[in-house]
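If you read the sequence from its start, that first residue is 1, and numbering goes on from there. Quick caveat, the model's predicted, so the values are computed rather than measured.
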Amino acid sequence: MSEQIEIRGFIAPGFEPVADAFRANFAAGNEIGAGFALMQDGEVRIDIHAGAADRGGARAWSGETLAPIFSTGKAVTALVMAWLVDQGRIAYDTPIAAVWPDFGVHGKDAITLEMALSHQTGFTGVAEEMDAGDWLDREVMEPRIAAQSPLWTPGDGSAYQPISFGVIADAVARRVDSDQRTIAAILHEEMTGPFGIDFHIGLPEAEHDRAATHKLPPRPAYLGEINTATEIAFLKPWSSPGRRGASAWRSAELPAANAHATAGAIAALMQLFACGGRLGEERLLTPGVVQDAMRERVSGQDRVLPFDLAYGAGVMINRKSGLLGPEPSTVGHYGFGGSCGFADPVRGVSGAYVMNRQMDVLVGDDRAMRLINAAYACL
C-alpha cells in the first residue's frame, strides 16, 4: 500500500500520532484493510479505518465493514459469562457438572467455570477423529466435548483451547440462563442490541456482504515444541471448523472463534472491563464482578501456546508483557492473525485493532502493538 493511504474516521485532537502509526503499517506493506479504535471513560478518542475489505482491493474498507476477529471474541464471551455471574445464574467457582452433568465424567467433575474459562480443563479439543464441520453443530459438539478425557490433572496449569472453550461456555450459558439463551443471544439482547453495537457471534446471512475477506498468514504460526495437547488444539485435520464453506462458518455461533465486528464495537464492549461495568452512562455489570472476572486464575508457561501467559475468567492479563500496552492490569485477547481487544481499568481505556491480512502470530502482533503504544503516548 502507498504511504498516501487514505485514513477515514475520527481522530480526537492530540491523537494524530496514532494515524501516523496506522499509516506506517500500510506503508510497510503489512495491511490490506484495517481499523483501530480507542475509548476513554466512555468517550471515543479514535475510530479510524483504511484500505480494502477484500483481498483484491476492489471493495473499500468502510466504517460498516465487519472484520472476522477469531479468538479476540473470547474476551466478549467472558463479558457474557460475567453477566450471568452478576445475575446470580452461576458462580465462577461452580463445578460445570453441577449444571451440565454429562460433563463430569473421566475425572472432570471438579472442573469449575473459572477453570474452563482460564483454559485449565486438562484437554484442548477433540482427540478422536471427526468431521471438521461438526464444530458448527452444537447438538453434535456438546456431547463430544463432555465425553473428553483430560490429558493431565485439571487445574495443573493452562493449555489454550482454541475452539472447545466456546463450546463449554455456550453449553453452560444455555443451561443457566433463565431463557436458555445462547451466548450470542444474551450478548445481542442484553448488550449489543440495546446500545447499537456492531458485534456479532454468528453473523446473519443478510450481513455477510459487510464482512471483510481475510488473507491467510504467509506461514504457519510458531507453536514451539509440539506435544499431544498442541496437536489436538491446532494440528489435527479437525482441530478447526471447516469444510462447510465460508457462509456456513460466518453464520455459525462459535463464541471462541468466529465473531465479526468493527474496531469501534470491540472498544465499546471492552469499556465494561475498563470502566467497572459501565457502558456509557449505563451500568450493566457490578464493579465487584468485573474485578473478579479480571482476577488472575493461572499463570506460567502455557502447554499449547509458546508463551508465559496469565488468564482471568476468559481474558488474558497483560502483566509486564507489553502485548496490550504499558499497564500490567490491562486485560484482553488476541485473535488468530493479529486482531485484538483490550481494556485498561486504571486509565478507563479500551481499544481494538482489526484487519484482514493475517500474520503468523498468535499473541502480540507488531501492527497492533505499534498502534496501542502510539495511543498511550497521546493519553
Side-chain angles (χ1 to χ4, degrees), residues 18 22 34-40 42 44-49 65-83 117 162 165-166 169 183 187 191-192 195 197-201 212 214 254-275 277-279 284-285 290 293-294 309-318 321-325 327 329-345 347-356 358 361-365 367-373 375-376:
V18 180
F22 197 52
F36 181 74
L38 190 86
M39 296 182 69
Q40 185 174 30
V44 176
R45 304 301 187 196
I46 307 165
D47 193 351
I48 55 177
H49 55 273
T65 297
L66 297 170
I69 61 170
F70 299 89
S71 287
T72 296
K74 286 183 172 73
V76 175
T77 292
L79 285 171
V80 174
M81 302 312 290
W83 183 86
L117 294 176
F165 169 99
I183 283 174
L187 176 67
M191 297 179 184
T192 58
F195 292 88
I197 297 173
D198 208 358
F199 188 106
H200 309 265
I201 298 175
H214 59 275
L254 297 171
N258 79 329
H260 287 72
T262 64
I266 302 168
L269 285 169
M270 294 300 285
Q271 279 281 284
L272 287 164
F273 282 128
C275 297
R278 286 189 292 108
L279 196 57
L284 296 189
L285 300 170
V290 174
M294 296 189 293
L309 297 171
Y311 295 102
V315 289
M316 293 179 173
I317 304 171
N318 196 32
S321 69
L323 298 173
L324 295 169
E327 172 53 48
S329 64
T330 292
V331 299
H333 219 289
Y334 272 90
F336 176 60
S339 66
C340 74
F342 62 94
D344 174 350
R347 296 169 179 82
V349 166
S350 65
Y353 164 72
V354 300
M355 78 298 141
N356 59 351
Q358 297 183 312
V361 295
L362 297 171
V363 176
D365 189 285
R367 298 167 297 177
M369 292 172 65
R370 179 180 293 115
L371 292 166
I372 293 169
N373 290 333
Y376 267 91

Counting distance only, does the side-chain N/O of [X] pair as donor-acceptor with the main-chain N or O of [Y] below 3.5 Å?
X    : Y    : result
Q271 : L279 : no
Q358 : F336 : yes
K74  : G335 : no
T192 : L187 : yes
S350 : A274 : no

Nearest heavy-atom pair of [X] and [Y]: which atoms, and what distance?
X    : Y    : answer
V354 : A67  : CB-CB, 3.6 Å
T77  : A169 : CG2-CB, 4.0 Å
I372 : C340 : CD1-SG, 4.0 Å
S339 : I69  : OG-O, 3.0 Å
L371 : V18  : CD2-O, 3.8 Å
G73  : A259 : CA-CB, 4.3 Å

Residues L254, I201; criterion side chain to side chain contact (heavy atoms under 4.5 Å, CB included); working and verdict: CA-CA 7 Å; L254 297 171; I201 298 175; 5.8 Å; no
Partners passing side chain to side chain contact (heavy atoms under 4.5 Å, CB included) against [X] (at least two apart in sequence or in another chain):
X    : answer
A75  : M270, V315, H333
D47  : A37, V44
T330 : N318, L324, E327, F342, D344, Y376

Please determine whether side chain to side chain contact (heavy atoms under 4.5 Å, CB included) holds for the pair S321 and V363, giving the CA-CA distance in whole Å, both sets of side-chain angles, and the decisive distance to 0.1 Å. CA-CA 11 Å; S321 69; V363 176; over 6 Å; no
Heavy atoms, side chains only, cut-off 4.5 Å: are W83 and M191 in contact? yes
Does any non-hydrogen side-chain atom of L272 lie less than 4.5 Å from one of L284? yes
[atom2] on [Y] to [atom1] on [X], rounded to 0.5 Å:
X    : Y    : atom1 : atom2 : value
N356 : T65  : CG    : OG1   : 9.0 Å
R45  : Q40  : CZ    : CD    : 5.0 Å
L117 : M81  : CG    : CE    : 5.5 Å
R370 : F36  : CZ    : CZ    : 12.5 Å
L269 : L79  : CG    : CG    : 6.5 Å
F70  : H260 : CZ    : NE2   : 7.0 Å

Checking L323, L362, V361 against Y334 for side chain to side chain contact (heavy atoms under 4.5 Å, CB included), the one that qualifies is L323
